[in-house]
Amino acid sequence: MDFSLNEEQRAWQEKARKFAREEIAPISLKRDAIPDPRETFDWEIIKKGSKLGFRTAVVAREWGGHGIDFVTQAMVMAELAKGDSAIAKTFTQCWKWSHLIAAVCSESQKERFLKPFLADDTYVLGYGLTEPSAGSDNRLPPEEDLKAGLRLKGERRGDEWILNGDKVFIANGSVAKLFFLTVRTNPNAPLREGTTMFLVPNDTPGFRVGKVFNKSGWRFYQNAELIFSDARVPDDNRVGEIDGAFRRRGGDATGDALFGALELAANALGICDAALEEALALARTRRENGALLKDQQIVQLKLGRMQMLTEALRSLVLRAASEMDRQIPSENAGLAMNLATDVVQEVTELNLDLHDTVAPMDPLADKLLRDSIIWSHLAGDTVQRLKVARRIVG
Ligand SMILES: Cc1cc2nc3c(=O)[nH]c(=O)nc-3n(C[C@H](O)[C@H](O)[C@H](O)COP(=O)(O)OP(=O)(O)OC[C@H]3O[C@@H](n4cnc5c(N)ncnc54)[C@H](O)[C@@H]3O)c2cc1C
């Protein structure tokens, strides 16, 4: 398979590399060290990245976006994540949902939401699915309990919907201007037949942001609680049919399972590149008992393994992205996401291990490992692995 990049792909990769090196990396550890999770976010980096196109990269050119292909997306994500994987994810979370506006919303909704998104460097997007008692059950509804899953209630009143309930862990929750929201509109039907999707701006009456969750990794990323108390959403903001959120695009409410998988795999690749670079720099300069670390057999073996795992992940990421560009049906994006969990955690652990021999508590090695733990919750948890495995066995 030919993985050589064309001129445009290389230009995006280089632009992302420069931005990550010059703008993201210098603030990464400082933001990570801030104790209050509400304070870790930095609008300046979002505005700077937005002006370079990193917020609007996937919106089609006819709407004023950049319409970059999946191979470019994967390369850009990896480069940004090498600077800071949580800052990279804040940008790419907007890719997921701006793409969804373009793919499933009506023309008038695109006018009302895509245009302002494109025009405003601080217009960030989110998606609310998870609730205090419904996480995995939304992604893999248990067959024996048809009523399982999200309970946030939506009732029609004239031209409006009245929403009541809470969402939790919502990415970009405290900073987004617009959310896609999945709402139970028929409490007596199973999740896949009783759920409707809405577009909910952050100034919706009756809506407020609750707490911002404190995480050990991805500290820049704002995971918040969204609270709806008789919140009023116009029917004009309904996306698709009533009770039809899960009925389109392969039974996935967003239809973005492929992008989500590629995103997490490519982001992990950036962390691996950062860990490997840090470990090599240490090994080439640090002496122990008079000898450079790089001349010790055990260190060579560890560095060789880090490189092997990272390059294996890179190959699968590029292959999956290339197949997505060519619309070749494949499970490789899902496999790359699951592989990424194992690889990113082993590579960052090996990096910390190397640092521990000479310099315990190296802050970057520590951060990279903490960030990698997020993959156990999002990418390589049992449910994600089960979903990929079930698609493979058919
Ligand atoms: C950084 C981050 C960002 C997030 N962003 C968003 C967001 O933007 N929007 C949103 O809606 N949600 C978001 N989430 C929430 C995320 O989707 C949920 O955490 C996830 O669905 C798991 O749900 P849960 O935490 O309730 O865990 P649970 O559902 O309680 O699962 C706990 C563990 O049990 C396993 N498990 C559960 N059911 C089964 C089963 N049937 N068989 C085998 N194993 C099972 C799971 O794999 C997992 O390992 C985010 C979470 C994190 C950590």
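Scope of the values below: all heavy atoms of this structure, side chains included, with no hydrogens, waters or symmetry mates. For ligands, and for the atoms within them, numbers begin at 1 and follow the listed sequence.
- The proximity of W218 to ligand 1, defined as any non-hydrogen pair under 4.0 Å, is limited to the side chain.
- In terms of protein heavy atoms, atom 39 (C) of ligand 1 is closest to V383 CG2, 3.6 Å.
- For the residue pair D69 and T72, a side-chain donor N or O sits within less than 3.5 Å of a side-chain acceptor on the partner.
- No side-chain donor-acceptor contact under 3.5 Å links H377 and D381.
- Between K82 and E277 there is a salt bridge, since a side-chain N of the basic residue sits under 4.0 Å from a carboxylate O of the acidic one.
- Near L129, with a cut-off below 4.0 Å to any heavy atom, the atoms of ligand 1 are 10 (C), 11 (O).
- Atom 43 (C) of ligand 1 has its closest protein heavy atom at T382 CG2, 3.7 Å.
- Around atom CZ of R38, more than 12 heavy atoms belonging to other residues, nucleotides or ligands sit under 6.0 Å away.
- Between G135, P142, S376, A171, it is G135 that holds the heavy atom closest to atom 26 (O) of ligand 1.
- A donor and an acceptor atom, one from each side chain of S322 and R326, are located under 3.5 Å apart.
- Between K215 and ligand 1, not a single N/O pair is under 3.5 Å apart.
- Ligand 1 has no N or O atom lying under 3.5 Å from any N or O atom of Y221, backbone or side chain.
- Annotation: atom 9 (N) of ligand 1 to nearest protein heavy atom, Y127 O, 2.8 Å.
- By the definition of a contact as any protein heavy atom under 4.0 Å away, atom 7 (C) of ligand 1 is in contact.
- For atom 53 (C) of ligand 1, the closest non-hydrogen atom of the protein is H377 CB, 3.9 Å.
- Heavy-atom contacts of Q93 reach the following atoms of ligand 1: 8 (O) (cutoff under 4.0 Å).
- The nearest heavy-atom contact from the protein to atom 51 (C) of ligand 1 is L378 CD2, 3.7 Å.
- For F198 and F180, the ring centers sit 6.0 Å or farther from each other.
- In this structure, CG on N237 lies 13.0 Å from CE on M197, to the nearest 0.5 angstrom.
- Closer than 4.0 Å to atom 31 (O) of ligand 1 lies at least one heavy atom of the protein.
- A donor-acceptor contact under 3.5 angstrom links the side chains of Q345 and S376, judged on distance only.
- Residue contacts with ligand 1, taken as heavy atom pairs separated by less than 4.0 Å, involve N223 solely via side-chain atoms from C-beta onward.
- Counting heavy atoms under 4.0 Å from ligand 1, residue K167 does not touch it at all.
- R55 forms a cation-pi arrangement with F117, by the criterion of a distance under 6.0 Å to the ring centre and an angle within 45° of the ring axis.
- Between the side chains of K215 and N223, a donor-acceptor pair is found at a separation under 3.5 Å.
- Here the shortest heavy-atom distance to atom 42 (N) of ligand 1, taken over N172, I374, N138, L386, belongs to L386.
- The option from F169, F180, F179 that lies nearest to atom 4 (C) of ligand 1, judged by heavy atoms, is F169.
- Distance from atom 20 (C) of ligand 1 to its nearest protein heavy atom, with residue and atom name: R139 NH2, 3.6 Å.
- Neither the backbone nor the side chain of Q384 comes within 4.0 Å of ligand 1, counting heavy atoms alone.
- With F179 as the partner, the ring pair (Phe, Tyr, Trp, His ring centres under 6.0 Å) test is satisfied by one option alone out of Y127, F207, F113, W97: F207.
- Ring geometry, F41 versus F220: the interplanar angle falls from 30° to 60°, so the pair is classed tilted.
- Using cut-offs of 30° and 60° for the angle between ring planes, the F259 and F70 rings count as tilted.
- Looking from atom 16 (C) of ligand 1 to the surrounding protein, the closest heavy atom is T130 OG1, 3.7 Å.
- For ligand 1, the polar-atom distance check finds an N/O of D381 within less than 3.5 Å of one of the ligand's N/O atoms.
- Looking only at heavy atoms of the protein, atom 27 (O) of ligand 1 is closest to S136 OG, 4.2 Å.
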